[in-house]
Structures are given as structure tokens and as C-alpha cells.
Amino acid sequence: MKVRTRFAPSPTGYMHIGNLRTALYEYLIAKSCGGDFLLRIEDTDQKRYVEGSTDIIYNTLKTVNMNWDEGPDIGGNYGPYVQSERKSIYKEYAEKLVELGGAHYCFCGAREEESEEDDKVPTKFKDPCKNISLEEAKARVAAGEPYTIRQTINKKGISHFHDEVYGDIEIDYDELDEGVLLKTDGLPTYNFANVVDDHLMEISHVVRGNEYISSTPKYNLIYETFGWTPPVYVHVPQVMKDAQHKLSKRNGDASFQDLVAKGYLPEAILNYIALLGWNPGTDKEIFSLEELKQCFTVERLNKSPAIFDIVKLTWMNGCYIRELSAEKFHELAMPYYEQHLTRRLNLQLLSSVLQPRIETLKDIISQTDFFENLPEYNLDLYVNKKMKTDTEVAKKTLVLSLDILKTVDDWKNEVLFEQLKNLAVANELKNGQVLYPLRIALSGKETTSGGATEIAAILGKDETLNRIEQALQKLG
RNA sequence: GGUCCCAUCGUCUAAUGGUUAGGACAUCACCCUUUCACGGUGGUAAUAUGGGUUCGAAUCCCGUUGGGAUCACCA
């Protein structure tokens, strides 16, 4: 049987990191063995629908290169791939399930939300409509009475199923809730739609969050009643924000697009989340999507929840930035330069200075601010014990540096560095006594990306001389 | 509350009865050095807990504790 997996998000606004990880695992399961990966939009709750969501889903999958073989936009042999367009299919199967005894018509109104205050524990819903005869129910439906179709669970005993990650799970049929399968509006709930669609679309492996473990026996019951074969189940643990809370939109936690906006590279994000709950069994940590396809196996999926660690993602992003070609890095940095820097600078050199030092593209902003405007700084900055400088030394060496720099025409880092090193030697000074004060004069900051001569080279001759003169004035 | 699930350094994890419990991030120290960063070297740091089983347990079993999930006309 061909391996077919699906990513089935609801279009509710944005791409959650946990969802993206689920999609990745689905993609890898299919692609590691030449199977199909498809995209299905689960929009059966029209109340939660958010305009533009499907584009976010498409764009996210495209930017991380997870291409789907079938989907709403490209079609396929199992369409339509949007659940709201499959309404008649669900109705047909729901009615069939009623005939088979796996469901019944229900005329109870929607259950009222229990107020949080009275701490009554949730109890299983006992549906009185279960006892209405099929004939009577059909008559009421024909008469136009609003109805839902609910799952009927008469089975007793223990249900068993196997999960690829959690192993064998046993749940008592008594625990199962006779949930609504087809809503009053004629649309199915997830509980029904996923079963019908996964079967009709010949999905072989269902990957989803482990919060579905407890309802899986209900789905199996539906498969059983229809005489269908259930898929292979792969329940994956949650991605957590901390030990108590899972990552959620409600807490304003990072989504894929938020992370990209914060300067993280899509490849790095994907690499990081692949390792949240899965490991290759080796020490290798940097994986391209292609490499993941080669070595991914469900056996190495983890059972326990994983906390999303932005610090480690940041490190990994730094690795990806350093691996970029100089050209590519410059291209990615350019929008940040354009937005934050107006001064004429040697941007190529700036990129080469920045690339090994930053961890997210957004770091560019804080690392380059002093180029635009020399910040106010305290003269204490010139005092550095290790460099053996203080304001007196600074005054002296800046004068010397200014003189020599005025004569330099070939304004390149190597040339500047050579000149100033020679100057230090000629005056029996340590390199640091010349270079440290110069860097302070040019940047006004205690630490900077790049050394004094690199900064000078980036700034250009005019502004460099200008800032040295300003510094000398400041030093009196 | 019922039911189900989970439990190794702060974090992500490796070790499928025998390891000085390994790696990575973070952190600390040192080296490199034109500040910072990169890079390099080294250090601190974990089997939640109590019982079994076994020659031997992080690993298997039971209890305890802690955490999570679920019990919607949401997915």
C-alpha cells in the first residue's frame, strides 16, 4: 500500500510552530519512502475561519520547500481538498452510518457552556435522543426539525489500538463520548470529517497531536462500522512554551511568520523543530530538508513533550547564517540596510564583518546603529586596563592616527590596519593603544562588530576623519 | 473528579539490563585576538521518589509524587 500522509490545518489565522512540525513529520514520513504528501483544508467551523489563512499555509509550506502532491490549489484524484466543499459527502456517509447503527439523529439543542465558577466536573453526556426510533427520527427530520447526527456507542469493554509512538493504548468504551458528527448546519465536526476524508483520500498514516489519543477509539469505531481499515496512527507530543503551558496563539507565542520577521531563516526554523521530539540517533544536528528525508524514521520520535527553546534556535540560526555564501548573506542583509542606514557606507565590507557575528538578521539593526549616528558616549570608554589606554593615551594616539590616516588614499581595511600597526611600532606603542581609542572614537560603543580599521573602512575616509576630530575635541 | 499519557543535566536529547550516564544549547574558565563575535580547549550540571525482579536497573514491574491531555454542534 502506498504511503500517503496529509497536513490538515484549519484556516484560523497563522502557522503555529507545532502545526508546522506536524506537517514536517507528515511530509517526511511520506517522502522518506516515496509516498504522497497532501494538503487538506479543514474549514468546517465557519465561525473560526480567518480570511487569508490559506495563503499563509501555502506560503509557509512553500518557503520551507515542503511541496504537496495534492491540494486545493493543484487538485488531485481525491478532491475536493477543502472540507466545506465536501459537505454532501459527509451527509451521505453520516446517513449511511445511521443505517449501520453507528450513529443516530439527535434533536437536543447545543449544549450550554457550563460556567467555570461552579466547579462541577465534566460528566459524560447522556443523549436522550438515542432512544428515539429511526422511523420517528426520520419523520421529524422530514418535517424540518433541526437535528444533528451523533455517534452511537453501544460497544462495551476495552478498545485497543496501536500507536507508532505511544505503543498499545487501551481505553474503556464507557469513556467515549457520543459526540456530534454532523452539525445542525449540515457540516461535519472534525471527529467525523477526518475519518471520512482520511479513508476516501486513502491516507495511510495519520500524524496528529497526542491530544487526540483519547478520542482515537471513537474514530476506530466509525472505521469499523463502515468496514474500513484504520490508518497507522502517529501521535506526537506537544510543543511547549514551558513545563506547564503549550505553545499557543492565545499566549502570543511565536508563529512561523513571527520568527521569520524576527530574522530567523526558514531553513533554520525547520531544522530546529525537526529536532523537537525527534532525533537521528547520531550527534548530527544540522539537517537540510533533503537530509531529513534520508534519515527520518518514526521509531525515533519521542513520547514526551518538548519545550521550544528560542535560545537554541537562535544558535542554530547563527550556524545557518555563517554557512550562507557571502553573496546570499549580503542579499538578505540588504533590506535591513535600506531600512536603517542612509549614510553611504561600504556595505559589502559591512556584510563580511556582520556575517560571522550575528545570530539573527534582526541583529543587524543593533549592530549597525552607530554607523548612522555616532552615539553620545562617556570619556570613560577610553579607559581600558587590558589595552593600556586612558584618555591621555587616547588623545595622543588619535592625533597620530589622524595625521597618518589623512595621507591614506587606498581606503581599505588591510591598508589601514598596516598603517596603524606601523604607527604603533614606530612610537613604541601597543596595537591596542592605537586601535582601541580609534574604535571608540569611531563608534562611541564599548563593543562593536568589527575592529577599528574595519569600521573606518566601512565609514569611509571623510566620516572617519570627521569622527576622530570630534573625539579630539571631546577629549579637550 | 473519571480516563489516558508522560518523567535523564536549566533546555533539546543519547544510552532498547552491564557506559567513568554520552552529545548539543545555555553557563563558567582559559586560548586565539584590533574591542566584540567566530573558532579551539576544559569545567559545572541529570536518571523525580519508594519498593520490588535481577549477579547487575536510567532501562523491567508496582506504588507515590509531579506534569500534561481529554470529558464542545473547536479542531
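Every chain is numbered from 1 and lettered A, B, ... according to where its sequence line falls, protein lines coming before strand lines.
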In whole Å, what is the span from the CD1 atom of A:I310 to the P atom of B:rA24?
22 Å

Are the side chain of A:W68 and the backbone of A:R40 linked by a donor-acceptor contact shorter than 3.5 Å?
no

Establish, from distance only, whether the side-chain atoms of A:N346 and A:K412 form a donor-acceptor pair under 3.5 Å.
no

What is the nucleic acid contact for A:R150, judged by heavy atoms within less than 4.0 Å: base, sugar-phosphate only, or nothing?
sugar-phosphate

Expressed as a whole number of Å, how far does the P atom of B:rU8 sit from that of B:rG67?
15 Å

Return the 5'-most residue of the pair A:D309, A:R300 with respect to RNA chain B, ranking by each residue's nearest nucleotide.
A:D309

Look at the side-chain N and O atoms of A:N302 and state whether any lies under 4.0 Å from the OP1 or OP2 oxygen of B:rA14.
yes

Distance check: side-chain N/O of A:R322 vs OP1/OP2 of B:rA37, anything under 4.0 Å?
no

Considering only heavy atoms from C-beta outward, does the side chain of A:I169 approach that of A:T216 to under 4.5 Å?
no

A:E323 atom CD, neighbour heavy-atom count above 12 within 6.0 Å
no

Taking B:rG52 as the reference, what is the distance to B:rU11 when you measure between their P atoms (whole Å, please)?
30 Å

Considering only atom P, compute the distance from B:rC60 to B:rA24 and round it to an integer number of Å.
27 Å

Minimum side-chain heavy-atom gap A:E211-A:Q238 below 4.5 Å
yes

Considering Watson-Crick and G-U wobble pairs with both distances under 3.5 Å, what does B:rG1 pair with?
B:rC71

What class does the angle between the rings of A:Y337 and A:H330 fall in, given that below 30° is parallel, 30 to 60° is tilted and above 60° is perpendicular?
tilted

What does B:rA7 pair with, Watson-Crick or G-U, if both distances are under 3.5 Å?
B:rU65

Counting the atoms with a prime plus P, OP1 and OP2 as sugar-phosphate, which does A:C108 contact under 4.0 Å by heavy atoms, base, sugar-phosphate, or nothing?
base

By the Watson-Crick or G-U definition, both distances under 3.5 Å, B:rC55 is matched with B:rG18

Collect all protein-nucleotide pairs involving nucleotides 59-69 of chain B in which both atoms are nitrogen or oxygen and the distance is under 3.5 Å.
from, atom 1, to, atom 2, distance (Å)
B:rG67, O2', A:A243, O, 3.4

With distance as the sole criterion, is a donor-acceptor pair present between the side chains of A:D253 and A:H245 under 3.5 Å?
no

Taking the six-membered ring for Trp, are A:H235 and A:Y233 parallel (under 30°), tilted (30 to 60°) or perpendicular (over 60°)?
parallel

Counting any heavy atom closer than 4.0 Å, what does A:T148 reach on the DNA or RNA strands: base, sugar-phosphate only, or nothing?
base

Are A:Y264 and A:Y320, when compared by the centres of their aromatic rings, separated by less than 6.0 Å?
no

For the pair A:R357 and A:D363, evaluate salt bridge (charged side-chain N to carboxylate O under 4.0 Å, His left out) and give the outcome as yes or no after the intermediate values.
CA-CA 9 Å; A:R357 281 168 238 265; A:D363 292 343; over 6 Å; no

Between A:D45 (CG) and B:rC74 (P), how many Å, whole number?
5 Å

Just to be sure I understand the rule, does A:S215 reach a base, reach only the sugar-phosphate, or reach nothing, if contact means heavy atoms closer than 4.0 Å?
nothing

Looking at A:Y147, I'd like to know if the NZ or CZ of A:R140 sits under 6.0 Å from its six-membered ring centre while staying within 45 degrees of the ring's axis.
no

Does the side chain of A:T360 reach to within under 4.5 Å of the side chain of A:K262, using non-hydrogen atoms?
no

Roughly how many Å apart are B:rC38 and B:rC5, using the C1' atom of each and rounding to a whole number?
44 Å

Paired with B:rG42: which nucleotide, if any, by Watson-Crick or G-U wobble criteria at under 3.5 Å for both distances?
B:rC28

Considering every strand and a 4.0 Å limit on heavy-atom distances, what is the contact class for A:I440: base, sugar-phosphate, or nothing?
nothing

For the C1' atoms, the ones on B:rU33 and on B:rU59, what distance do you get once it is rounded to whole angstrom?
47 Å

Whole-Å distance separating the CG atom of A:L276 from the P atom of B:rU13
6 Å

Would you mind listing every ring pair (Phe, Tyr, Trp, His ring centres under 6.0 Å) that reaches into residues 371-403 of chain A, with sequence neighbours excluded?
A:Y377-A:Y382

Considering only side-chain heavy atoms of A:N191, which listed nucleotide, B:rA75, B:rA26, B:rC74, is closest?
B:rA75

Could you state the CG-C1' distance from A:D242 to B:rC6, rounded to the nearest angstrom?
16 Å

Could you state the CD1-P distance from A:I307 to B:rU8, rounded to the nearest angstrom?
10 Å

Looking across every strand, which nucleic acid part, if any, lies under 4.0 Å from A:Q355 by heavy atom: base, sugar-phosphate, or nothing?
nothing

Does a sphere of radius 6.0 Å around NZ in A:K183 hold more than 12 heavy atoms from other residues, nucleotides or ligands, not counting ones at 6.0 Å or beyond?
yes

Check RNA chain B against residues 174-187 of chain A and give the residues with a non-hydrogen atom under 4.0 Å, in numerical order.
A:E175, A:D177, A:V180, A:K183, A:T184

Whole angstrom is fine here: how far is it from NZ in A:K303 over to P in B:rC4?
16 Å

Side chain to side chain contact (heavy atoms under 4.5 Å, CB included) against A:R86, all qualifying residues, sequence neighbours excluded
A:P80, A:I89, A:Y90, A:D197, A:L200, A:M201

Under 3.5 Å, N/O pairs linking protein and nucleotides 30-36 of chain B:
from, atom 1, to, atom 2, distance (Å)
B:rU34, O2, A:A452, N, 2.7
B:rU34, N3, A:T453, OG1, 3.1
B:rU34, O4, A:T453, OG1, 2.5
B:rU35, O2', A:R439, NH2, 3.4
B:rU35, O2', A:E446, O, 3.4
B:rU35, N1, A:R439, NE, 3.4
B:rU35, O2, A:R439, NH1, 3.0
B:rU35, O2, A:T448, N, 2.9
B:rU35, O2, A:T448, O, 3.3
B:rU35, O2, A:T448, OG1, 3.4
B:rU35, N3, A:T448, O, 2.9
B:rU35, N3, A:G450, O, 2.8
B:rU35, O4, A:G450, N, 3.1
B:rU35, O4, A:G450, O, 2.5
B:rU35, O4, A:G451, N, 2.8
B:rC36, O2, A:R357, NH1, 3.0
B:rC36, O2, A:T448, O, 3.2
B:rC36, N3, A:R357, NH1, 2.2
B:rC36, N4, A:R357, NH1, 3.3

Carboxylate-amine/guanidinium contact A:K91 A:E95, below 4.0 Å:
yes

Think A:R48 has a side-chain N or O under 4.0 angstrom from the OP1 or OP2 of B:rA75?
no

Heavy-atom contacts under 4.0 Å between residues 279-287 of chain A and RNA chain B, which residues?
A:N279, A:D283, A:E285

Determine the interatomic distance between C1' on B:rC62 and the same-named atom on B:rA15; round to the nearest Å.
25 Å

Mind calculating the distance between CZ (A:F308) and C1' (B:rA26) to the nearest angstrom?
15 Å

Measure the distance from CG on A:N271 to P on B:rU13 and round it to the nearest whole Å.
14 Å

Answer yes or no: is there a donor N or O on one side and an acceptor on the other, between the side chain of A:E178 and the main chain of A:I153, under 3.5 Å?
yes

Mind checking if A:G109 touches a base, just sugar-phosphate, or nothing, with heavy atoms under 4.0 Å?
base

